[in-house]
*Asks:* 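This is the structure I have questions about; it appears just below.
All values derive from a computational prediction rather than experimental measurement. Per chain, numbering begins at 1; letters A, B, ... match sequence-line order.
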There are 2 protein chains.
Amino acid sequence: MEDRQDIHNAGVPVLCEACEARHRGICGALSPDQLLGLSKTSSKQKIEAGAELVGDQETIDHYSNVLGGVVKLTKTLSDGRQQIVGLQFAPDFLGRPFRSESAINAEAATDVALCSFPKATIERMMKESPGLEHLLLTQTLKELDEARDWMVTLGRKTAAEKVASFLLLIARNIDPTAQTKSGASFDLPLTRADIADFLGLTIETVSRQLTRLRADGVIRIENNRHVVVDNMSRLEARSGI
Amino acid sequence: MEDRQDIHNAGVPVLCEACEARHRGICGALSPDQLLGLSKTSSKQKIEAGAELVGDQETIDHYSNVLGGVVKLTKTLSDGRQQIVGLQFAPDFLGRPFRSESAINAEAATDVALCSFPKATIERMMKESPGLEHLLLTQTLKELDEARDWMVTLGRKTAAEKVASFLLLIARNIDPTAQTKSGASFDLPLTRADIADFLGLTIETVSRQLTRLRADGVIRIENNRHVVVDNMSRLEARSGI
DNA sequence: CGCCCCGTTGACCTCCCTCAAATTAGGTGG
DNA sequence: CCACCTAATTTGAGGGAGGTCAACGGGGCG
């Protein structure tokens with residue numbers, strides 16, 4: 001919404017030139033023509049941590065690509081108990097296609113960069129190019145796999161294993177070197193309260209388990225948010241694979 | 001595999017005539033030509049309760065439609081802890097497209113009727129008719145919604161609420177009249193052990209919670225497997241919506 | 001009849017939650 | 001740079017929901 005000059009430049013989609021979504025995201029499935037058409041109605045946005053992106057029960061008329069930061073998807077019971085049901089990182093697609101109402105709440109967990117475009121445009125393009133729908137199916141299947149993996153964590157793991165699993169998940173998504181190196185280093189994108197909501201635990205239990213991991217030398221914590229893992233396999237051993 | 005005469009009749013897909021999958025399932029997206037082509041390589045099968053349909057880590061070369069019965073999708077930790085991550089009812093599509101390995105185990109929870117066809121055939125048709133891929137996307141999105149709903153149950157509900165939620169889920173999927181009537185009546189498709197694996201509880205806790213619901217007059221249980229719910233809203237009130 | 005599987009019930013214990021207080025981090029104004 | 005304030009996090013003490021272990025009941029089947 002705010003950087004209008006980007007929209008002006010859209011004659012050639014400068015907007016998209018350096019964009020990650022074109023390589024690993026949804027936009028890679030678009031023809032140059034379509035990309036141009038989409039970029040005309042797109043706008044890059046900066047959202048600050050804590051802001052609500054998609055309200056529960058709210059009508060959705062825009063979709064977005066996550067370009068940076070972390071988005072949390074939450075569900076809430078009527079008495080206020082909350083569960084995070086998914087985290088989205090760049091270059092994930094944000095939005096529930098083919099339904100005007102979402103039963104889910106999306107909120108910026110960190111400062112977030114988005115590229116949004118009207119729902120109608122993308123749904124029209126989906127009819128034109130099957131490749132786009134295919135890519136969307138691929139992402140949805142990936143999210144389904146992740147959701148089911150997390151169901152095991154929620155249903156069958158101990159608090160200690162849950163926290164270790166969470167740290168592994170974040171390390172793999174935030175620190176790009178975590179795949180190759182034996183260690184990792186990253187800022188936690190979630191508060192302790194968010195972590196608790198993600199793991200189905202309380203803040204206190206999360207804190208105690210982190211303390212224990214630190215006391216055992218598996219992780220180091222700096223300024224409450226920054227985590228250093230010297231030996232990833234020691235962390236994996238505690239995640240109850 | 002067994003009823004070969006069905007395959008013979010496939011000049012006109014008699015096999016498909018009365019099939020639910022043609023109306024509410026995947027096959028509804030196929031042209032008559034495609035349906036004919038698919039039916040030539042399809043076979044209806046009866047699987048008995050307990051049989052494994054898709055092994056963990058196993059290569060998948062067939063997909064199926066569930067025509068009857070209930071299939072459970074499970075994941076297992078290395079030490080044997082198990083979690084059911086999904087239940088499939090008719091006319092769900094069974095199989096994980098675009099990946100030759102499944103990280104999931106599929107098992108017949110009850111006696112199951114399937115219609116299977118080669119993976120290659122359906123993937124070719126998917127390229128030809130975008131409608132098929134669209135339907136698959138729709139089902140995948142539905143499964144993702146269900147998985148996320150269940151994550152709330154696993155992460156944030158009490159044992160009592162979990163069991164009530166499970167009974168509601170089954171009533172809605174097994175007893176077609178449960179939507180309209182105020183009551184429901186159905187056979188549980190899962191053993192107590194399966195229910196426990198679905199809810200992230202132990203057998204004993206499931207049993208105790210069922211006993212409690214019965215003692216409170218919310219449900220009646222006959223022969224351990226048959227459940228009668230006189231007043232669905234009383235059950236809903238205990239499911240922690 | 002006896003065996004086996006499934007489900008129920010009871011007694012006990014443990015892990016995690018609850019409640020409360022202390023400590024730290026971060027931001028703001030002097 | 002420091003004092004102050006607020007929110008976030010940690011730590012502690014105690015209790016309860018659900019797990020563990022063990023015994024018992026009942027239906028199906030050889």
*Asks:* Nearest whole angstrom, please: distance from the P of D:dA8 to the CG of A:Leu210.
*Replies:*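 The distance from CG of A:Leu210 to P of D:dA8 comes to 17 Å, rounded to the nearest Å.
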*Asks:* Does the side chain of A:Arg225 reach to within under 4.5 Å of the side chain of A:Thr191, using non-hydrogen atoms?
*Replies:*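 Yes, their side chains come closer than 4.5 Å.
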*Asks:* Would you mind reading off the distance between B:His226 atom NE2 and D:dG27 atom C1', rounded to a whole angstrom?
*Replies:*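 Checked: the NE2 to C1' distance equals 18 Å.
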*Asks:* So does A:Ser239 get a backbone contact from the side chain of A:Lys157, meaning a donor-acceptor N/O pair under 3.5 Å?
*Replies:*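 Side chain of A:Lys157 to backbone of A:Ser239: a pair is present.
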*Asks:* Salt bridge check, A:Glu143 against A:Arg148: does any charged N sit closer than 4.0 Å to a carboxylate O?
*Replies:*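 Not counted as a salt bridge, because no side-chain N and carboxylate O are separated by less than 4.0 Å.
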*Asks:* Are A:Arg24 and A:Glu20 within salt-bridge range, i.e. N to O under 4.0 Å?
*Replies:*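 Looking at A:Glu20 together with A:Arg24, the answer is yes, because their closest N to O distance falls below 4.0 Å.
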*Asks:* Quick test of your reading of the model: are A:Asp197 and B:Arg156 salt-bridged, counting only N-O distances below 4.0 Å?
*Replies:*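 Between B:Arg156 and A:Asp197 there is a salt bridge, with a charged N closer than 4.0 Å to a carboxylate O.
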*Asks:* Under 4.0 Å from any heavy atom of chain A: name the first and the last nucleotide of DNA chain C that qualifies, 5' to 3'.
*Replies:*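 The contact span of chain A on DNA chain C goes from C:dC16 to C:dA25.
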*Asks:* Should A:Asp230 and A:Arg220 count as an ion pair when the cut-off is N to O under 4.0 Å?
*Replies:*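 A salt bridge links A:Asp230 with A:Arg220.
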*Asks:* Please name all residues satisfying side-chain hydrogen bond (donor to acceptor under 3.5 Å, both in side chains) with B:Ser233, sequence neighbours left out, ordered by chain then number.
*Replies:*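 Counting only residues at least two positions away or on another chain, B:Ser233 forms a side-chain hydrogen bond (donor to acceptor under 3.5 Å, both in side chains) with B:Asn231.
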*Asks:* Does A:Ile170 reach the side chain of A:Pro189, with side-chain heavy atoms less than 4.5 Å apart?
*Replies:*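 Yes; the side chains approach each other to less than 4.5 Å.
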*Asks:* What is the distance from CG of A:Asp194 to P of D:dA7, rounded to the nearest Å?
*Replies:*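 My rounded result for the distance is 17 Å.
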*Asks:* Once you round it to whole Å, what is the distance between C1' of D:dG27 and CZ of B:Arg225?
*Replies:*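 Distance check: B:Arg225 CZ to D:dG27 C1' gives 13 Å.
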*Asks:* Do A:Phe93 and A:Tyr63 have their ring centres less than 6.0 Å from each other?
*Replies:*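 Centroid separation for A:Phe93 and A:Tyr63: below 6.0 Å.
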*Asks:* Return the angle between end axes of the helix from C:dC1-D:dG30 to C:dG30-D:dC1, with five pairs used per end and rounding to 10°.
*Replies:*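 Axis-to-axis angle, ends of the helix: 40°.
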*Asks:* Under 4.0 Å, heavy atom to any atom of DNA chain C: which of residues 214-224 of chain A qualify?
*Replies:*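 Under 4.0 Å from DNA chain C: A:Asn224.
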*Asks:* Could you check whether any side-chain heavy atom of B:Thr153 comes within less than 4.5 Å of a side-chain heavy atom of B:Phe198, counting everything from C-beta outward?
*Replies:*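 Of all side-chain heavy-atom pairs linking B:Phe198 with B:Thr153, none is under 4.5 Å.
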*Asks:* So B:Met151 and A:Trp150, do their side chains get closer than 4.5 Å, heavy atoms only?
*Replies:*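 The answer is yes; the side chains approach within 4.5 Å.
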*Asks:* In B/S/- notation, 5' to 3', how is nucleotides 14-25 of chain D contacted by protein heavy atoms closer than 4.0 Å?
*Replies:* ----SSBB----
*Asks:* Hey, could you give me each pair passing salt bridge (Lys or Arg N to Asp or Glu O under 4.0 Å) that has a residue in residues 166-177 of chain B? Not counting sequence neighbours.
*Replies:*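 Non-adjacent pairs meeting salt bridge (Lys or Arg N to Asp or Glu O under 4.0 Å): B:Arg172-B:Glu236.
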*Asks:* Are B:Lys46 and B:Asp111 ion-paired here, with the side-chain N under 4.0 Å from a carboxylate O?
*Replies:*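 No salt bridge links B:Lys46 with B:Asp111.
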